[in-house]
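Data first, discussion second: the structure below is written as structure tokens.
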2 protein chains.
Amino acid sequence: MVHHSGVERTFAALADPTRRAVVERLGRGSATISELAEPFGISLTGMKKHVLVLEGAGLVVTEKVGRARRCTLAPYAFEGVTTWLQRLDRFAAVVERTKGR
Amino acid sequence: MVHHSGVERTFAALADPTRRAVVERLGRGSATISELAEPFGISLTGMKKHVLVLEGAGLVVTEKVGRARRCTLAPYAFEGVTTWLQRLDRFAAVVERTKGR
DNA sequence: GGAATGGTGAACCATTGGGTTCAGTATTAC
DNA sequence: GTAATACTGAACCCAATGGTTCACCATTCC
């Protein structure tokens, strides 16, 4: 319930297709950087950056386990952004409703 | 209900603070390019570009009225993106639930 | 008609962003 | 101890993005 508001970083993070795919992947269970990188044919360094962005957006949490880094989908990850959208969605609904007048 | 899937452009469009503010502004009623540009101290050309991006994302519809261009929040604008998020939100919930085991 | 208003399009510029490679460091396996 | 694994950091590259100005077209106002 905490999570620093910032809808800002969340949208930016989700704007990239690779990052969205990573989020979906993590939705099916946690993974290491290499496990995440492999299916994209991307370098470890590259994936590391993506994970960093996702972490900065509060969408993913990571923990170093031995030499690997375990990445997990953050709880309440999308709370801020869904709230923002639902509010606007309501606005849009009103616009739509009053349009036919 | 139509709206060409593309969660892609939507997130990218909403990643920019100016564009989010424009969307919120349009949530309180339609506006022209100049009306949108003024509060940001941004050039007309600059705002035009933003509106173009929002239009490309299906979030806004515009119509030329005389020499002005009327911009309106699109109906069902956030449908795709909220669907995407709700699905992931459910994943996140599961992750959270199974974590305590 | 002429001036002001509102929007466009083209060209340019600075920053950011996604990606790389290369040279490490820390763990784990043999 | 040596080798392989997994990540990390620094430096760099190129394309995309947010912004500008300038010149121009179309409408509206006097």
Considering just the side-chain nitrogens and oxygens of B:T32, establish if one lies under 4.0 Å of OP1 or OP2 belonging to C:dG6.
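Negative; the distance criterion is not met.
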For B:R20 and B:L14, indicate whether the former's side chain and the latter's backbone hold a donor-acceptor pair under 3.5 Å.
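Confirmed, B:R20 side chain pairs with B:L14 backbone.
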Output yes when a side-chain donor or acceptor of A:R70 lies under 3.5 Å from a complementary backbone atom of A:V65, and no otherwise.
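Side chain of A:R70 to backbone of A:V65, a donor-acceptor pair under 3.5 Å: no, none is there.
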Just so I know, are the side chains of [X] and [Y] near enough to count as touching, which here means a heavy-atom distance under 4.5 Å?
X     : Y     : result
B:L26 : B:T72 : no
B:V51 : B:M47 : yes
B:L36 : B:C71 : yes

Ring-plane angle category for B:F11 and A:F11, please: parallel below 30°, perpendicular beyond 60°, tilted otherwise.
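Tilted, since the angle between the ring planes falls between 30° and 60°.
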Start at the 5' end of DNA chain C and walk down; is the nucleotide closest to B:K48 or to A:T45 reached first?
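Nearest-nucleotide comparison on DNA chain C picks B:K48.
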Protein-nucleotides 25-30 of chain D N/O pairs closer than 3.5 Å?
unit_1: D:dT27; atom_1: O2; unit_2: B:R67; atom_2: NH1; d: 3.0

Interface polar pairs with nucleotides 14-18 of chain D, N/O, under 3.5 angstrom:
unit_1: D:dG18; atom_1: OP1; unit_2: B:R19; atom_2: NH1; d: 3.1
unit_1: D:dG18; atom_1: OP1; unit_2: B:R19; atom_2: NH2; d: 2.8
unit_1: D:dG18; atom_1: OP2; unit_2: B:R19; atom_2: NH1; d: 3.1

Atom [atom1] of [X] to atom [atom2] of [N]: distance rounded to whole Å?
X     : N      : atom1 : atom2 : value
B:E35 : C:dG6  : CD    : C1'   : 11 Å
A:L44 : C:dG18 : CG    : C1'   : 16 Å
B:L36 : D:dG19 : CG    : P     : 14 Å

Kindly write out the residues that satisfy side chain to side chain contact (heavy atoms under 4.5 Å, CB included) with B:L52, not counting sequence neighbours, or none if the list is empty.
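Residues passing side chain to side chain contact (heavy atoms under 4.5 Å, CB included) with B:L52: B:E55.
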Taking all non-hydrogen atoms of both residues into account, name the closest pair between B:E35 and B:P39 and its distance.
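For B:E35 versus B:P39, the nearest heavy atoms are O-CD, 3.1 Å.
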